[in-house]
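Since the structure comes first, as structure tokens, the remarks are kept for the end.
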2 protein chains.
Amino acid sequence: MVLRVMDDDLVFKALADPTRRFLLDLLFQRDGRTLKDLESGLEMTRFGVMKHLKVLEEASLVVTRRSGREKLHYLNAVPIRMIHDRWIDKYTEPRFSAVLALKDELGSKE
Amino acid sequence: MVLRVMDDDLVFKALADPTRRFLLDLLFQRDGRTLKDLESGLEMTRFGVMKHLKVLEEASLVVTRRSGREKLHYLNAVPIRMIHDRWIDKYTEPRFSAVLALKDELGSKE
DNA sequence: ACCATAGGTGACTAATTAGTCACCTGTCAA
DNA sequence: TTGACAGGTGACTAATTAGTCACCTATGGT
């Protein structure tokens with residue numbers, strides 16, 4: 001068995017597109033959808049949606065299962081957790097950065 | 001005072017580049033660095049680094065403060081939290097999706 | 001006052017990526 | 001076994017983006 005390491009770059013690149021994020025939103029609402037199902041909610045050809053799903057699948061953000069002539073799509077949140085853990089220190093409180101951000105916001109009073 | 005809503009798209013686009021993620025890593029290690037400081041850790045001209053920092057700043061992932069002729073850069077983790085919260089259900093346990101992912105991994109025994 | 005230093009801008013090139021289309025494969029039901 | 005349906009591929013175009021360069025502004029030390 002090959003232990004495949006999750007590629008950071010694929011995950012972030014996959015999340016960079018609004019259509020793909022919307023697809024994740026749809027799958028977050030309800031899992032196990034087919035391409036046809038997902039396609040119907042978008043202003044795009046089937047091919048575009050299929051390409052986006054492929055990108056999500058290669059990033060492990062979506063996991064699929066075949067069932068006859070249908071392909072069912074499931075959301076996998078594991079990579080999302082990894083993003084979170086990369087820059088959010090479990091032991092350090094949210095004290096500093098957020099305060100700075102607010103300060104910045106208050107500073108620019110357009 | 002204008003309450004500016006954080007733009008999702010800017011955040012995800014900003015995170016899509018490996019150089020920018022590395023910059024966030026550097027700032028995660030130690031905050032309050034100057035452009036010169038950050039530049040020295042990268043194989044890229046000053047202009048490239050500056051452009052990346054600008055993208056991070058516009059996405060609110062980095063917050064800056066001027067000090068004389070220097071510009072200090074701080075990490076802001078708030079947008080990262082928002083990504084997490086978007087697709088990770090606080091009340092639902094990690095049970096299902098992760099299991100599917102593992103199953104998929106075991107299934108493809110190349 | 002001078003010069004070195006830190007940061008900034010607009011224009012340009014090369015590379016990447018979104019979206020579409022013509023065409024193909026596999027599955028199910030009458 | 002035929003036709004409708006679900007999914008898939010490779011090639012192409014248009015748009016976006018990374019990285020560099022010439023040139024500019026502001027600050028601080030001596």
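Throughout, protein chains are lettered first and strands after them, A, B, ... in sequence-line order, and every chain is numbered starting at 1.
- To the nearest angstrom, C1' of D:dC23 lies 9 Å from CZ of B:F47.
- Here the side chains of A:T64 and A:L72 are not in contact, with every heavy-atom distance at 4.5 Å or above.
- A salt bridge links A:K71 to A:E57: one of the charged nitrogens lies within less than 4.0 Å of a carboxylate oxygen.
- Looking at B:R69, its side chain has no donor and acceptor atom pair within 3.5 Å of the base of D:dG29.
- Side-chain atoms of B:K51 come within donor-acceptor range of the base of D:dG19, with a qualifying N/O pair under 3.5 Å.
- Using a 4.5 Å heavy-atom cutoff, the side chains of B:S60 and B:V11 are not in contact.
- Atom-to-atom, NZ of A:K36 to C1' of D:dC5 comes out at 7 Å; the value is rounded to the nearest Å.
- Here C:dA18 presents its P atom at 14 Å from CG of A:L42, a figure rounded to the nearest Å.
- A:R66 contributes no side-chain N or O that forms a donor-acceptor pair with the base of C:dG26 under 3.5 Å.
- Between A:W87 and B:L15, the closest side-chain pair of non-hydrogen atoms falls below 4.5 Å.
- Heavy-atom nearest nucleotides on DNA chain C were determined for A:S67 and for A:G48, and the one closer to the 5' end corresponds to A:G48.
- Contacts of A:M50 with the nucleic acid, taken as non-hydrogen atoms under 4.0 Å apart, include base atoms.
- At least one side-chain nitrogen or oxygen of B:K71 sits closer than 4.0 Å to the OP1 or OP2 atom of C:dG8.
- Note: CG (A:L35) to P (D:dG7) measures 5 Å, nearest angstrom.
- Between A:R46 atom CZ and D:dC5 atom C1' there is a gap of 10 Å when expressed in whole angstrom units.
- Regarding A:K54, its NZ atom lies at a distance of 17 Å from the P atom of C:dT20, rounded to whole Å.
- A side chain to side chain contact (heavy atoms under 4.5 Å, CB included) with A:L56 is found for one member of A:R21, A:H73, A:K51, A:R20 and no other, namely A:R20.
- Whole-Å rounding puts the A:L38 CG to D:dA6 C1' distance at 13 Å.
- Straight-line distance from the NE2 atom of B:H52 to the P atom of C:dT9: 16 Å, rounded to whole Å.
- Contact between the side-chain N/O atoms of B:T45 and the OP1/OP2 oxygens of D:dT20 is found at a separation under 4.0 Å.
- Residue A:G68 is classed as a sugar-phosphate contact, given heavy-atom separations below 4.0 Å to backbone atoms only.
- The shortest distance between the side-chain N/O atoms of A:T34 and the OP1/OP2 oxygens of D:dA6 is not below 4.0 Å.
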